[in-house]
Amino acid sequence: MNESKLAYLAAKRTVDDRALNRHTFDRFANELATREEPVRIVELGAGVGTMIGRLVTRDALPDRVSYRAVDRDPACIDYARERVPEWVAAAGYEIEAKHRDRPGTTTFVARDDDRRLEITLETADGFAIDDRADAVLGAAFFDLVDLETAIPAVEDLLAPDGVLYAPITFDGGTSFAPRDPLDERLERWYHRHMDEIRDGGSSRAGQALLTTLPARGWDVLAAGGSDWVVRPAGGADEGDGDGMGYPARERVVVSHLLETIENATAAFVPDRLDADERTRWLERRRCELAADELVAVAHNLDVLARFAGDTRRLRTMGRT
Ligand SMILES: C[S@@+](CC[C@H](N)C(=O)[O-])C[C@H]1O[C@@H](n2cnc3c(N)ncnc32)[C@H](O)[C@@H]1O
């Protein structure tokens, strides 16, 4: 399971690269640029560290940054420990020092003439850590957790006027082309699983952020769509090399999505007829994927918001 999760998280990088809402991303980079350096960034649910690779590749970080990337899955952090230094070096940094602080935590320093980037990769529950960050980031993360507890925890992690950047937050749309008569029912079952059975999260998390944050006194600075569109684009798959398939490793992303739908919908199939239909649907989709014919679309939102309060101070004063 871990192997397939790691392959999926690595493969979805190019899908996310295309999907990320450019306006919200640029506004996030501008917000970072206004903070006093070194700028402290805490990433929750960092997965295999692809956001760090993306931020350095796009030159979106200030000159002096201290970046703490946290995931509760040790396999993700192990993978990130191998790959993040390569990605940072490819963006022009030199890796100056690398040390294991304690089991599950590695820090390295990357530099060039003008810039210093300290990255700590850490296995931990993102809601059990302490920090005082200029920015908290969680990509494809806030749809997995309960916002009622997650947002106060983020407030605790932020310095005054710090920002939350929540890109690729799922927002209630999963579809495939060509269409199938079962699509809509299957989508409803899949999303009900997120809402009613899966531990934490919701199928409408993107929009929920847009109401929950202002209700707690946050200013939403930018928001926009970041839909995934994965399609056979006539590019060569890595590995296939036949010139016909999905870009890079994106076939893995669709395969993982079908597996997730298969596992989730098993709980909702009401009778034998529906079970047979579901099996037919899955077989059809897997055949289409193998034949480079399947297009998958998922609707996400990117949200950037600023927390104007200082929770610790307010707590001390007994006001929250
Ligand atoms: C869908 S993945 C996204 C990973 C990465 N942000 C990306 O976009 O590729 C969500 C990640 O959140 C991690 N996660 C879930 N709950 C967590 C928590 N409470 N603390 C830390 N990590 C958590 C999971 O282990 C998983 O790696």
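For ligands, and for the atoms within them, numbers begin at 1 and follow the listed sequence.
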Could you walk me through whether E43 and R68 satisfy the salt bridge (Lys or Arg N to Asp or Glu O under 4.0 Å) test, starting with their C-alpha distance in whole Å, then the side-chain angles of each, then the deciding distance to 0.1 Å, before giving a yes or no? CA-CA 6 Å; E43 182 174 357; R68 181 182 188 186; over 6 Å; no

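Within the 4.0 Å heavy-atom shell around ligand 1 one finds L9.
Backbone and side-chain nitrogen or oxygen atoms of G45 are examined, and one is located within less than 3.5 angstrom of a nitrogen or oxygen of ligand 1. At least one N or O atom of G126, backbone or side chain, sits closer than 3.5 Å to an N or O atom of ligand 1. At least one N/O-N/O distance between A139 and ligand 1 falls below 3.5 Å.
For ligand 1, the atoms sitting less than 4.0 Å from at least one non-hydrogen atom of D125 are 18 (C), 19 (N), 20 (N), numbered in the order shown with element in parentheses. Residue-ligand proximity, A124 to ligand 1, at heavy-atom distances under 4.0 Å covers atoms 20 (N), 21 (C). Listed by atom number, the atoms of ligand 1 under 4.0 Å from T50 heavy atoms are 9 (O). Per-residue contacts place C76 under 4.0 angstrom from the following atoms of ligand 1 (heavy atoms of the residue considered): 27 (O). Residue contact check: D73 has heavy atoms under 4.0 Å from atoms 25 (O) of ligand 1.
Applying the side chain to side chain donor-acceptor pair (under 3.5 Å) test to residues at least two apart or on different chains, the pairs with a partner in residues 171-182 are D171-Q207, D171-H299, T174-H191, R179-D183, D180-R280, D180-R284.
R116 pairs by the side chain to side chain contact (heavy atoms under 4.5 Å, CB included) definition with R64, V109, R111, E118, not counting sequence neighbours.
Of the residues R13, R18, K12, the one that meets the salt bridge (Lys or Arg N to Asp or Glu O under 4.0 Å) test with E250 is R18.
In this structure, the protein non-hydrogen atom closest to atom 7 (C) of ligand 1 is K12 NZ, 3.3 Å. For atom 1 (C) of ligand 1, the closest non-hydrogen atom on the protein side is A140 O, 3.3 Å. If you check which protein heavy atom lies closest to atom 11 (C) of ligand 1, you get D71 OD2, 3.5 Å.
F25 carries R58 over the face of its six-membered ring, with the cationic atom under 6.0 Å from the centre and within 45° of the normal.
Note: F307 and W218 have tilted aromatic rings, judged against thresholds of 30 and 60 degrees for the angle between ring planes.
In summary, D274 and R185 engage in a salt bridge, as defined by a charged side-chain N under 4.0 Å from a carboxylate O.
Residue R72 holds the heavy atom nearest to atom 22 (N) of ligand 1 of all those in R13, K5, R72.
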